[in-house]
Visitor: 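The following block contains the structure, expressed as structure tokens.
Small disclaimer: the values here were computed from a predicted structure and weren't measured. Quick note: numbers below take in every heavy atom, side chains included, and nothing from hydrogens, waters or symmetry partners. Counting starts at 1 for both ligands and their atoms, in listed order.
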Amino acid sequence: MPIVIDEEACMACESCVELCPEVFAMNDDGDMAIVLNPDSTADCVDEAIEACPGEAISR
Ligand code: F3S
């Protein structure tokens with residue numbers, strides 16, 4: 001499954017970007033995360049899923 005971010009659930013806390021910058025970034029407005037590499041198998045994706053306060057990330 002590709003990594004996806006629920007736009008409604010993302011609160012722009014940026015934890016995912018801090019934990020896993022090769023996969024996540026903030027959008028140009030800084031109000032939502034975007035997925036740079038939806039097919040990544042990096043372990044840090046799981047860390048970001050755990051850390052996300054909005055439970056916005058799934059894979
Ligand atoms: Fe949004 Fe969760 Fe990342 S709130 S910015 S998807 S850690």
Visitor: If you have a sec, work out which protein heavy atom is nearest atom 1 (Fe) of ligand 1 and how many Å separate them, to one decimal?
Guide: Cys10 SG, 2.4 Å

Visitor: Between Ile57 and ligand 1, which residue portion shows a heavy-atom distance shorter than 4.0 Å: side chain, backbone, both, or neither?
Guide: side chain

Visitor: With heavy-atom distances below 4.5 Å as the criterion, would you say the side chains of Ile5 and Ile34 are in contact?
Guide: no

Visitor: Let me check your reading of the structure: within less than 2.8 Å of atom 1 (Fe) of ligand 1, is there an N/O/S atom from Cys52?
Guide: no

Visitor: For ligand 1, note which part of Glu14 has a heavy atom under 4.0 Å away: side chain, backbone, both or neither.
Guide: backbone

Visitor: So is Ala12 close enough to ligand 1, meaning a heavy atom under 4.0 angstrom away?
Guide: yes

Visitor: Would a single hydrophobic cluster contain both Met32 and Phe24, if residues Ile, Leu, Val, Met, Phe, Trp and Tyr are joined by side-chain heavy-atom contacts under 4.5 Å?
Guide: no

Visitor: Side chains of Pro53 and Met11: closer than 4.5 Å at any heavy-atom pair?
Guide: yes

Visitor: Less than 4.0 Å is my threshold; does some heavy atom of Ala48 fall inside it relative to ligand 1?
Guide: no

Visitor: Are we looking at SG atoms under 2.5 Å apart for Cys10 and Cys52?
Guide: no

Visitor: Hey, does Ile3 have a side-chain heavy atom less than 4.5 Å from the side chain of Val35?
Guide: yes

Visitor: Among the clusters formed by ILVMFWY side chains lying less than 4.5 Å apart, do Leu19 and Val45 turn up in the same one?
Guide: no

Visitor: Considering only protein heavy atoms, which is closest to atom 4 (S) of ligand 1, and at what distance to one decimal place?
Guide: Met11 N, 3.1 Å

Visitor: Is it true that some N/O/S atom of Cys16, main chain or side chain, lies under 2.8 Å from atom 3 (Fe) of ligand 1?
Guide: yes

